[in-house]
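Heads up, the thing below is written out as structure tokens.
Order of appearance sets the numbers: ligands from 1, and atoms from 1 within every ligand.
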Amino acid sequence: MRLKDKVAIITGSGSGIGRATALRFASEGAHVIVNDINQEHGEETVQLIKENGGSASFILADVTNPQDVQALTDNVIGEFKKIDILFNNAGISNVGRLDEVEPDVWDKVMSVNVKGVYLLSKYIVKHMMEQKNGCIINMSSCAAEMGLAQRALYSATKGAVLSLTKAMQVDYAPYNIRVNALLPGTIYTPFVENYLKTSYSDPEVAIEGIKKRQLSGDLGLPEDVANAALFLASDEAKFMMGSPLYIDGGVVFGKNA
Ligand SMILES: NC(=O)c1ccc[n+]([C@@H]2O[C@H](COP(=O)([O-])OP(=O)(O)OC[C@H]3O[C@@H](n4cnc5c(N)ncnc54)[C@H](O)[C@@H]3O)[C@@H](O)[C@H]2O)c1
């Protein structure tokens, strides 16, 4: 029970890594606030947690909408009087070279992936500062560290999240708040499955290509990232501050080609 009685908010936890982390946190004793813009998927996550004997509730909110985020924060503080953990996980992908990205798409992806992290953190950190305690985990990506083909916009958003994490950590360290970032490689979630189906005639060939980029012969799974998020959220990570944590099967530091 590494998160016993902790209150944890996980954005975008109706699917993929967010859902796996919600299940993991709940299995370690946290009450999980499942957030998503997809109500059906969010409620499914809550149902799965309850079936496993855990505690969770769903709050519908768009992470890019300040009113939604303020209401989510007020709702959680009203009920639980504290927020221990914020996992800024919600994100969307984008594939293409910079010259292929339309301005409205640029704004949309920046908005979900970067403004979303800003908004949730802005409203929730005030309570963590009053509590003099808190843990924020921001979802970056290996794309922040390496030049991946066809990922200009996506990489820019994840680089911004990594820089934001370091700056936030300096400002909030005096309040006993830790801020760290997760940098996954390719993790097999609906996000990636969808991209493979729409971008390749044979997704199996694409999967082999992904494995070739790694040192590991396995595909990354949502649970691999959930375990890393659990570590950062737990007291075991009390000396981790402003750090990028790689969960990538050796993509960033292990190039063997
Ligand atoms: N899957 C990977 O290979 C991979 C690698 C590195 C980083 N990431 C990052 O991990 C995070 C989760 O990715 P995933 O693969 O689990 O994706 P996913 O698509 O399976 O899940 C993302 C969830 O976020 C929700 N969401 C989207 N926009 C939202 C908004 N405005 N407000 C609230 N919720 C919103 C979606 O409805 C969805 O349920 C993303 O930030 C992604 O960039 C993923």
Contact between Gly116 and ligand 1, counting heavy atoms under 4.0 Å? no
Transitive ILVMFWY side-chain link Tyr195 to Tyr154, under 4.5 Å: yes
Structural part of Cys142 in contact with ligand 1, heavy atom criterion under 4.0 angstrom: neither
Considering non-hydrogen atoms of the protein only, which is the closest contact for atom 4 (C) of ligand 1, and what is the distance? Gly185 O, 4.0 Å
How far is atom 15 (O) of ligand 1 from its nearest protein heavy atom, and which residue and atom name does that atom have? Thr189 OG1, 2.5 Å
Got the closest protein heavy atom to atom 44 (C) of ligand 1, with its distance? Ile17 CD1, 3.9 Å
Classify the contact between Asp62 and ligand 1 as side chain, backbone, both or neither, using a heavy-atom distance cut-off of under 4.0 Å. both
Thr11 touching ligand 1 at heavy-atom level, < 4.0 angstrom: no
Side chains of Asn227 and Arg24: do they bring a donor and an acceptor to under 3.5 Å? yes
Within the 4.0 Å heavy-atom shell around Thr186, which atoms of ligand 1 are there? 3 (O)
Within-4.5 Å side-chain heavy-atom neighbours: Lys166 and Gln169: no
Specify the protein heavy atom at minimum distance from atom 43 (O) of ligand 1: its residue, its atom name, and the distance to 0.1 Å. Tyr154 OH, 2.6 Å
Donor + acceptor pair across side chains of His41, Ser13 (<3.5 Å): no
Atom indices of ligand 1 within 4.0 angstrom of Ala90 heavy atoms, with elements: 34 (N), 35 (C), 41 (O)
Near Ser141, which atoms of ligand 1 are under 4.0 Å from a heavy atom of that residue? 6 (C), 7 (C)
So, is the end of the Arg19 side chain (NZ or CZ) under 6.0 Å from the ring centre of Phe25 and within 45° of the ring's axis? no
Any donor-acceptor N or O pair under 3.5 Å, side chains Arg213, Thr186: yes
Protein residue, atom and distance nearest to atom 24 (O) of ligand 1, heavy-atom basis: Gly12 CA, 3.4 Å
With heavy atoms of Val112 as the reference, note each atom of ligand 1 found under 4.0 Å away. 28 (N)
Where is the tightest heavy-atom contact between Ile207 and Tyr188, given as atom of each residue plus distance? CD1-CE1, 4.2 Å
If the cut-off is 4.0 Å to any non-hydrogen atom of Gly16, which atoms of ligand 1 fall inside it? 16 (O), 20 (O)
Honestly, for Val192 the part within reach of ligand 1 (heavy atoms, under 4.0 Å) is side chain
Considering Val63, Asn65, Asp36, which one's heavy-atom position lies nearest to atom 38 (C) of ligand 1? Asp36
Least distance between heavy atoms, Val125 atom then Ile136 atom: CG2-CD1, 4.1 Å
Glu28/Lys4 ion pair, N-O < 4.0 Å: no
Salt-bridge criterion met for Glu193 and Lys197 (N-O under 4.0 Å): yes
Distance-only polar pair, side chains of Glu145 and Tyr246, donor-acceptor under 3.5 Å: yes
Polar atom proximity, Ile187 to ligand 1 (N or O, under 3.5 Å): yes
I need the contact type for Ile37 against ligand 1. Using non-hydrogen atoms and a strict under-4.0 Å cut-off, is it side chain, backbone, both or neither? both
For a quick test of reading the model, state the closest non-hydrogen atom pair linking Ser121 to Asn138 and the distance between them. OG-OD1, 4.5 Å
Ignoring hydrogens and angles, state whether a donor on the side chain of Glu43 or Gln39 is under 3.5 Å from an acceptor on the partner side chain. yes
Quickly, which of Met241, Met168, Met128 forms a side chain to side chain contact (heavy atoms under 4.5 Å, CB included) with Val179? Name it, please. Met168
So which protein heavy atom does atom 9 (C) of ligand 1 come closest to, and at what separation? Met139 CG, 3.4 Å
Check each atom of ligand 1 against the heavy atoms of Ala61 and keep those under 4.0 Å away; list them by number with element. 32 (N), 33 (C)
Compute the shortest N/O to N/O distance between Gly18 and ligand 1 and return yes if it is under 3.5 Å, no if not. no
Grouping I, L, V, M, F, W and Y whenever their side-chain heavy atoms are under 4.5 Å apart, do Val251 and Leu183 come out in a common cluster? yes
Considering only non-hydrogen protein atoms, determine which one is nearest to atom 11 (C) of ligand 1 and report residue, atom name and distance to 0.1 Å. Asn89 O, 3.1 Å
Record the part of Ser140 in heavy-atom contact with ligand 1 below 4.0 Å; permitted values are side chain, backbone, both and neither. backbone
Nearest-neighbour protein heavy atom for atom 20 (O) of ligand 1, which is reported as residue plus atom name and distance: Ser15 OG, 2.6 Å
For ligand 1, is any non-hydrogen atom under 4.0 Å from Lys158's backbone (N, CA, C, O), its side chain (CB onward), both, or neither? side chain
